[in-house]
Amino acid sequence: MSETLAKLAQAVIEGDMGATPGLTQQALDEGLDPAVILNDGLMPGMAHVGEAFRSGDMFVPEVLMAARAMQASMDLLRPLLVATDTKMAGKIVIGTVKGDLHDIGKNLVAMMCEGAGFDITDLGRDVDPSRFVEAVKETNAEIVAMSALLTTTMRSMEHTIQALQEAGLRDQVKIMVGGAPVTQEFADQIGADGYAPNAAAATDLAKVLVKG
Ligand code: B12
């Protein structure tokens, strides 16, 4: 790995969003391909963060800082990646379901998945089932990811699955769900394809879902 990419990975791990844009620009100036900067700089950094989060060595605020540091770099890389038509790991449409305004966990999942190379369409929060349907049509996403933090809004996940079914899109996408009150049992009950308890596990799940 080039020295600049090693520094970039380290800046992601440290959540140093003041450093990541400069290091990204430096890597570009050194002639490195945007996809190489993503794959060999940002992704190893985020993978380390995912591991540390999983093992309890890093906590939510630090992961958020790391994700923001990565985002600051992605702001520079994204247009270049699109221009070179770099093959991403897959497309994910993500949102917090209708009636629910909690988006911190959803943002973490989105940022970690982006760090793992997925192309993310983030619909934000309080997302109507019809908006999920439109977004799948617009993007041809392989995965729909839904977040809910309220027991009262968990049902919106089921409504969204129904809306995808009614639009004839259910077989085209894998659906993953999460959020504090959501369980594997609930995911099975509403016919989702997967559940993950945290952002690191969500990234692993997305990789599995996109393959099968
Ligand atoms: C922050 C917060 C708020 C903020 C939200 C700000 C924001 N921008 O998100 C504000 C102040 C707006 C808020 C409002 C309300 N809140 Co609130 N809120 C919380 C709080 C304290 C933290 C949630 C959080 O961000 N956790 C940190 C993140 C990182 O964790 P996470 O969301 O669980 O996400 C992780 C995993 O679940 C998973 N994940 C999440 N999404 C997804 C998606 C997929 C696909 C996958 C695979 C995984 C995954 O990965 C994430 C990262 O590891 C919780 C209490 C708690 N400790 O959970 C209450 C809590 C969720 N809120 C609650 C309530 C009741 C409300 C209000 C109704 C309060 C009121 N009376 O107005 C309103 C509802 C507004 C609405 N319509 O949504 C209750 C819910 C009770 C229930 N069981 O339904 C809680 C549990 C507090 C409590 N103990 O009573 N809240």
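Start at 1 and go down the list; that is how both ligands and their atoms are numbered. Just so it is clear, the structure is predicted and the values come from calculations on it, not from any experiment.
- Considering backbone and side-chain N/O atoms, Gly99 comes within less than 3.5 Å of an N/O atom of ligand 1.
- Across all non-hydrogen atoms, the minimal contact from Ile161 to Ile190 is CD1-O, 3.4 Å.
- For Asp119 and Lys91, the salt-bridge test fails: no basic side-chain N is under 4.0 Å from an acidic carboxylate O.
- For the ligand labelled ligand 1, residue Asp103 lies inside the 4.0 Å heavy-atom shell.
- Within 6.0 Å of CD on Glu185 lie no more than 12 heavy atoms contributed by other residues, nucleotides or ligands.
- The closest donor-acceptor contact from the side chain of Arg125 to the backbone of Leu101 lies under 3.5 Å.
- Formation of a donor-acceptor pair under 3.5 Å by the Glu14 side chain with backbone atoms of Ala11 is not found in this model.
- Looking at Thr153, its side chain never comes within 3.5 Å of a backbone N or O of Ser156 through a donor-acceptor pair.
- The nearest protein atom to atom 27 (C) of ligand 1, hydrogens excluded, is given as Ile104 CG2, 4.5 Å; this is a heavy-atom distance.
- Close contacts between ligand 1 and Asn198 involve ligand atoms 38 (C), 50 (O), 53 (O) [criterion: under 4.0 Å to a heavy atom].
- Shown here, atom 54 (C) of ligand 1 is out of close reach of the protein: none of its heavy atoms lies under 4.0 Å off.
- A salt bridge links Glu114 and Arg78; the closest N-O separation between the charged side-chain nitrogens and carboxylate oxygens is under 4.0 Å.
- Salt bridge absent: Arg131 and Asp126 never bring a charged side-chain N and a carboxylate O closer than 4.0 Å.
- Note that atom 18 (N) of ligand 1 has protein non-hydrogen atoms nearby, at separations under 4.0 angstrom.
- At the shortest separation from atom 84 (O) of ligand 1 among protein heavy atoms lies Thr151 N, 2.9 Å.
- For Phe53, the closest heavy-atom approach to ligand 1 falls below 4.0 Å.
- Look at Arg125 and you'll find a heavy atom under 4.0 Å from some atom of ligand 1.
- Within the structure, ligand 1 lacks Ala148 among the residues with a heavy atom less than 4.0 angstrom away.
- With a heavy-atom cut-off of 4.0 Å, Val182 does not touch ligand 1 at all.
- Short contacts between ligand 1 and Ala202, defined as distances under 4.0 Å to a heavy atom of the residue, involve ligand atoms 47 (C).
- Judged as a side-chain hydrogen bond (donor to acceptor under 3.5 Å, both in side chains), and not counting sequence neighbours, the contacts of Ser55 are Asp57.
- Heavy atoms of Val109 found under 4.0 angstrom from ligand 1 belong exclusively to the side chain.
- No donor-acceptor pair under 3.5 Å is formed between the side chain of Arg68 and the backbone N or O of Gln71.
- Numbered from 1 in the order shown, with element, the atoms of ligand 1 that lie under 4.0 Å from a heavy atom of Leu108 read 29 (C), 52 (C).
- Considering only non-hydrogen atoms, atom 36 (C) of ligand 1 lies nearest to Pro197 out of Pro197, Ala180, Pro181, Ala192.
- For ligand 1, one of its N or O atoms has an N or O atom of Ala199 under 3.5 Å away.
- No N or O atom of Thr152 sits closer than 3.5 Å to an N or O atom of ligand 1.
- For atom 14 (C) of ligand 1, the nearest protein heavy atom lies under 4.0 Å away.
- Under the 4.0 Å distance rule, the nearest protein heavy atom to atom 5 (C) of ligand 1 falls inside the cut-off.
- Here the side chains of Leu64 and Ile104 are in contact, with some heavy-atom distance below 4.5 Å.
- Taking atom 43 (C) of ligand 1 as the reference point, the nearest protein heavy-atom neighbour is Met146 O, 3.4 Å.
- Salt bridge status for Lys7 with Asp16: absent, with no side-chain N to carboxylate O gap under 4.0 Å.
- Heavy-atom distances between Gly179 and ligand 1 reach below 4.0 Å in at least one pair.
- Nearest approach of Leu149 to Ala180, heavy atoms of both residues: CD1-CB, 3.7 Å.
- Within the protein, the number of N, O or S atoms lying under 2.8 Å from atom 17 (Co) of ligand 1 is 1.
- Close approach of ligand 1 to Asp100 is summarised as follows: ligand atoms under 4.0 Å from at least one heavy atom of the residue are 78 (O).
- Side chain of Asp100 to backbone of Ala148: no donor-acceptor contact under 3.5 angstrom is found.
- Nearest protein heavy-atom neighbour of atom 41 (N) of ligand 1: Ser147 OG, 2.7 Å.
- In this structure, Asp29 places its CG atom where more than 12 heavy-atom neighbours from other residues, nucleotides or ligands lie under 6.0 Å away.
- Of all atoms in ligand 1, listed by their number and element, those nearer than 4.0 Å to a heavy atom of Ala145 are 45 (C).
- Taking each heavy atom of Asp122 and Ala110 in turn, the nearest pair found is OD2-CB, 4.3 Å.
- Closest to atom 42 (C) of ligand 1 among all protein heavy atoms lies Gly178 C, 3.5 Å.
- Summary of contacts: the protein heavy atom closest to atom 30 (O) of ligand 1 is Gly105 CA, 4.3 Å.
- Remark: atom 87 (C) of ligand 1 lies closer than 4.0 Å to no protein heavy atom.
- Distance check for atom 11 (C) of ligand 1: every protein heavy atom is found at 4.0 Å or beyond.
- In this structure a side-chain-to-backbone donor-acceptor pair under 3.5 Å is present from Asn198 to Ala201.
- For atom 47 (C) of ligand 1, the nearest protein heavy atom is under 4.0 Å away.
- Of all non-hydrogen atoms in Lys106 and Gly124, the two that sit nearest each other are CE-O, 3.5 Å.
- Not a single protein heavy atom sits closer than 4.0 Å to atom 57 (N) of ligand 1.
- Counting all heavy atoms, side chain and backbone alike, Ser2 lies closest to Glu30 at OG-OE1, 4.3 Å.
- Panel note: side chain Thr20, backbone Ala69; a donor-acceptor pair is recorded below 3.5 Å.
- Using a 4.0 Å cut-off between a side-chain N of Lys or Arg and a carboxylate O of Asp or Glu, Glu51 and Arg54 qualify as a salt bridge.
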